[in-house]
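A note on names: the letters A, B, ... follow the listed sequences, proteins ahead of strands, and every chain is numbered from 1.
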Protein chains: 2
Amino acid sequence: MHWSRWGDPHRTAALPDNAGELMAFAFGEVTPRPAVDRADVRLPASRLTPAHQQAYAAAVTPEQVATDDTARVEHTRGKSTPDLLAARAGDFSAAPDAVIRPGSVDEIVEVLRVSEREHIAVVPFGGGTSVVGGLAPDGASYAAVIALDLRRLDRVVELDEISRTATLQAGMLGPEVEKALAAEGYTLGHFPQSFEYASVGGFAATRSSGQSSSGYGRFDAMVVALTIATPSGTWHIGRSPASAAGPDLRQLVLGSEGAFGVITDVTVMVRPVPQAKAYETWRFASFAEGATAMRTLVQDRINPTVLRLSDETETAINLSDPSAIGLNADGGCQLVCGYEGTEQRVARMRAEAGETLTGLGGTLVGEKGGDAWAEGRFDAPYLRDTLLDEGVLVETLETATTWANLPRLYDAVRAAIDAAAKGQGVDPIVLCHISHVYPAGASLYFTVAMRETDDPPAQWVPVKQVAGDAISQHGGTITHHHAVGRDHKPWLADEIGDTGVAVLRAVKETLDPEGVLNPGVLIP
Amino acid sequence: MHWSRWGDPHRTAALPDNAGELMAFAFGEVTPRPAVDRADVRLPASRLTPAHQQAYAAAVTPEQVATDDTARVEHTRGKSTPDLLAARAGDFSAAPDAVIRPGSVDEIVEVLRVSEREHIAVVPFGGGTSVVGGLAPDGASYAAVIALDLRRLDRVVELDEISRTATLQAGMLGPEVEKALAAEGYTLGHFPQSFEYASVGGFAATRSSGQSSSGYGRFDAMVVALTIATPSGTWHIGRSPASAAGPDLRQLVLGSEGAFGVITDVTVMVRPVPQAKAYETWRFASFAEGATAMRTLVQDRINPTVLRLSDETETAINLSDPSAIGLNADGGCQLVCGYEGTEQRVARMRAEAGETLTGLGGTLVGEKGGDAWAEGRFDAPYLRDTLLDEGVLVETLETATTWANLPRLYDAVRAAIDAAAKGQGVDPIVLCHISHVYPAGASLYFTVAMRETDDPPAQWVPVKQVAGDAISQHGGTITHHHAVGRDHKPWLADEIGDTGVAVLRAVKETLDPEGVLNPGVLIP
């Protein structure tokens, strides 16, 4: 992972020709704003004492305790736009004091014990792709902060072909999971935009949801069992896909963001590698009509594998195909519809969905747009870096609500973002799509782009603030699939109530009495 | 509800002719054991003081505070066989000291405040159908015990036809829910065997699962939002069908069995009343072959609405049709397969399932057995009373596990029950069916029948003990859809770990610091 950008350091996304035109049209003149040189990065001295270092070395071997600048820089914060802006400005004040790389669950427990004893904050670190400040703890009151890098836990522990489950270690990245499973004929089917760099532990800790969630389900819905390590030992939960033996404690650990313990392995449902895949695009006259069509599909339990509806603005600039962004004059709203499974199942789903979509005013455009979407589905974060280079601030945020409340929430969030940006004297582009659907509701995923002013990090703060307020005041959840981290904490109490916060605190105190686990995230 | 039997006091189930023959064959001579007369029931004096009575009367009006024997008898324990045996013997030592019937959520909060102040234990009481000792609290150390009867909370609070959700008050019974929803064209689709008497609050508090779970899902999976009342106020959880805003706290309240608070309303997904219903039976050569066929259906996401496979013994005595129990010589194992939905969907599911089932060795028997099952689906509890009258002890227990582990668990539980009964000098009949399936696993539901010896309550204890031990030692969950109550507590720590128990305790202390909510259930 690049130290100040998304993804593969050898890969950059050029701006499509049309995008330049679009930018000029939308933003007027922008001022390129390159990142500082890596050499200019300021890094505070590591607070890890020789005694700490020795204790950790005893837990994981000396080679797996790193305090060098490279390791520390690579484990600083996540990949939100504010995180990137800080990195691009050379600000690594949030760097951990050391990076510890355990090779086993026992080593993790030992590291947690040392951390508890020495009052050192522990940030579980998988792929480092958090976009909510989940990797930047409140470390000041601790003796030090360590990043607990889980990448050495990279095995498939067990594949149960009868039950169609796989037990995956937390440090496996998305592509590693798919490669290992594909060798046996299976897929997990979890493809968030961060897929190429995100880890199994992160999927679980943040309740991730992938682009194929309509067919494969959210990550939390795939989980049959999981294990977390805490300072007092490991805790395994889940004997059966379903149970009535009290509250479902798996769902208390899923979404716990490293604050309750370190997720070390997850047993998930897997499926056969699909024989066939087909992606196509449809066109609807309006976002509302397209949303009604999606709702009908999911409520009638016709579940294409992928469903993604862009609103009028997102359709107009062709965001679903990052290689062809620009002004698109076709009008209306684009729906990407993907089908995966046996040849027979794909044909059947396609016919059923097609009948519904046509009946509700949709026009089949064809496979070209669908294939372009599938091709570019992990590229958008690269484009964000290019835009940041150009002086265009781009960030995303998401929510979810019931179908009945969706139009109201959509209008409120868009209006709030628009007003906040205009208050700074810039015209934003606000795009939205629905990409995760449930019988009772759906997500809204907003992308905001605006000309950078003098202080881009400060520029985003009020926009995020009003967007979060609008979400909260209009009945949306503050995050549909990106977790709470530090960035969403201001709205959590409103969402889960003071009682919910008290319950989270009580659980945290039980599992992490010294409070060393990812302090400052999740719990207000 | 009858004071010492299941269900409608005016309804009894006669033993089918063949059943007498079967009983004689299986058990030899049995000694009828009628219940005591209602007049002989021993009831301890109510411990509710005039001051308590006044305080509760102020909370809910004097008419809604009952200390008469009838009310107390009707709110004593649940409907497990041990509960019935106690009632039949005239033992009402577990009677609550009073029955309080609040009419609103505010009144519930007020009752909880009074109870906390006066140190009075509160048993939330919906339909009174618990089969796990969920309604018999450890009341000795309290000033008194009240049953909090929720039946006056019997309204549909909201029907959201866009999101296809209904907010149901906790005191609605199954038939009331279906009647109210049917008037608007919807169904909940939740039909546990207790359907006719069980309540919405109970479904939620115990993680109930219905006979149509293959199509409609478990109750906990239908829940979008819910509200619980605690001594410090109400707590509403759930803004969206799905969220990443931390742990899913809905799943912490579902299955909390009244120990964390009183569930007052639940927002659930509803569906259109099905146009068409078809039930048919299939025959497989063995339980293993039938189980493989069920597994294939659910893993291939062909989900008939109802799937219920009887093992060889259950098939041989025709348990799936309570009106025709007796020796059945057809051999093999019967699978009931039900389809509900639009005409088109039923036809499609039926064709798809039929192809799979035939391909895996199944033979379609026809609709007769399926219709008989559907007709008698809520009758078995009446038959249990008749058998108890006859001197035959009948009880059920259930578990669930992964598909890979299912055969091992099935063998272990059957062998344990068989050995324990034989140790008492009686030959048991042990029947089993699979009736709730998931891609990763399934439930096992055992029915045990044996000739009563001198002390039937004492007779069941060692059988339950060894069955629970076998479940626990062989990787099953101690309960798939009946909750923990008092009866499953001995195995809970083994299942969720000491850490899980500590977490439940911490949550309980946060929500119910005085420990007045259903003390003695759930938490070891």
Side-chain angles (χ1 to χ4, degrees), chain A residues 160 162-165 206-207 218 220 224 230 235-237 239-249 251-257 269 299 400-404 436 438-441 475-484 488 492 495-497 499-500 502-504 506-507 509-511 522, chain B residues 160 162-165 206-207 218 220 224 230 235-237 239-249 251-257 269 299 400-404 436 438-441 475-484 488 492 495-497 499-500 502-504 506-507 509-511 522:
Chain A
D160 173 351
I162 302 293
S163 312
R164 288 218 184 139
T165 60
T206 64
R207 295 187 173 273
R218 298 166 58 81
D220 55 19
V224 176
T230 73
W235 181 26
H236 180 76
I237 327 170
R239 285 201 174 185
S240 165
S243 167
D248 189 344
L249 297 171
Q251 299 295 332
L252 191 63
V253 171
L254 292 164
S256 63
E257 305 186 17
M269 295 189 272
Q299 288 182 342
T401 188
T402 59
W403 286 109
H436 305 272
Y438 307 91
T477 175
I478 196 62
T479 170
H480 170 264
H481 58 262
H482 282 157
V484 176
H488 291 137
L492 190 66
E495 180 159 347
I496 66 170
T499 307
V503 165
L504 293 183
V507 174
E509 275 160 29
T510 303
L511 298 175
L522 178 60
Chain B
D160 173 349
I162 303 292
S163 312
R164 288 217 182 140
T165 61
T206 64
R207 295 187 173 271
R218 300 167 59 80
D220 54 20
V224 177
T230 73
W235 181 26
H236 180 75
I237 326 170
R239 286 202 174 184
S240 164
S243 167
D248 189 345
L249 298 171
Q251 299 295 333
L252 191 65
V253 171
L254 291 164
S256 63
E257 304 185 18
M269 294 188 272
Q299 288 182 342
T401 188
T402 59
W403 287 109
H436 305 271
Y438 308 90
T477 175
I478 196 62
T479 171
H480 170 263
H481 58 264
H482 282 158
V484 176
H488 291 139
L492 190 65
E495 181 160 346
I496 66 170
T499 307
V503 165
L504 294 182
V507 175
E509 276 161 29
T510 303
L511 298 175
L522 178 59

S.K.: Shortest non-hydrogen contact from A/His482 to B/Ala244?
M.R.: N-CB, 3.7 Å
S.K.: Apply ring-ring contact (aromatic ring centres under 6.0 Å, His included) to A/His488 and list each qualifying residue two or more places apart in sequence or on a separate chain.
M.R.: none
S.K.: If you count heavy-atom pairs under 4.5 Å with chain A, which of B/Val484, B/Val253, B/Asp220 comes out on top?
M.R.: B/Val484
S.K.: B/Thr499, B/Val507, B/Thr510: which one forms the most heavy-atom pairs within less than 4.5 Å of chain A?
M.R.: B/Thr499
S.K.: Counting N and O atoms only, with roles assigned by atom type, does the side chain of A/Ser163 sit under 3.5 Å from a partner on the main chain of B/Ala404, one being a donor and the other an acceptor?
M.R.: yes
S.K.: For the candidates B/Trp403, B/Tyr438, B/Trp235, which exhibits the highest count of non-hydrogen atom pairs separated by less than 4.5 Å from chain A?
M.R.: B/Trp235
S.K.: Between A/Leu511 and B/Val503, is any pair of side-chain heavy atoms under 4.5 Å apart?
M.R.: yes
S.K.: Side-chain contact, heavy-atom cut-off 4.5 Å: A/Asp248 with B/Leu252?
M.R.: no
S.K.: Give me the atom names and distance for the closest heavy-atom approach of A/Gly441 to B/Pro241.
M.R.: N-CG, 3.5 Å
S.K.: Quick one: which of B/Ile478, B/Leu492, B/Asp160, B/Leu249 has the most heavy-atom pairs under 4.5 Å with chain A, could you say?
M.R.: B/Leu249
S.K.: What is the minimum heavy-atom distance between B/Leu522 and A/Gly246, and which atoms define it?
M.R.: CD1-CA, 3.6 Å
S.K.: Does the A/Arg239 side chain pair with the main chain of B/Gly476, one donor and one acceptor, at a distance under 3.5 Å?
M.R.: yes
S.K.: Using non-hydrogen atoms and a 4.5 Å limit, figure out which bit of A/Arg164 sits close to chain B: side chain, backbone, both or neither.
M.R.: both
S.K.: Mind checking side chain to side chain donor-acceptor pair (under 3.5 Å) for A/Thr230 and listing every partner two or more places apart, or none if nothing turns up?
M.R.: A/Ser232
S.K.: Between B/Thr206, B/Val224, B/Thr401, who has the most heavy-atom pairs with chain A when the cutoff is under 4.5 Å?
M.R.: B/Thr401
S.K.: Side-chain donor-acceptor pair under 3.5 Å between A/Thr477 and B/Ser243, yes or no?
M.R.: yes
S.K.: Could you look at B/Gln299 and say if it's the side chain, the backbone, both or neither that has a heavy atom under 4.5 Å from chain A?
M.R.: both
S.K.: Side chain, backbone, both or neither: which part of A/Glu495 has a non-hydrogen atom closer than 4.5 Å to chain B?
M.R.: both
S.K.: Just give me the residue among A/Gly255, A/Pro247, A/Gly497, A/Ala483 that pairs up with chain B most often, heavy atom to heavy atom, under 4.5 Å.
M.R.: A/Pro247
S.K.: Heavy atoms only: give me the nearest A/Ala242-B/His480 pair and the separation to one decimal.
M.R.: O-CD2, 3.9 Å
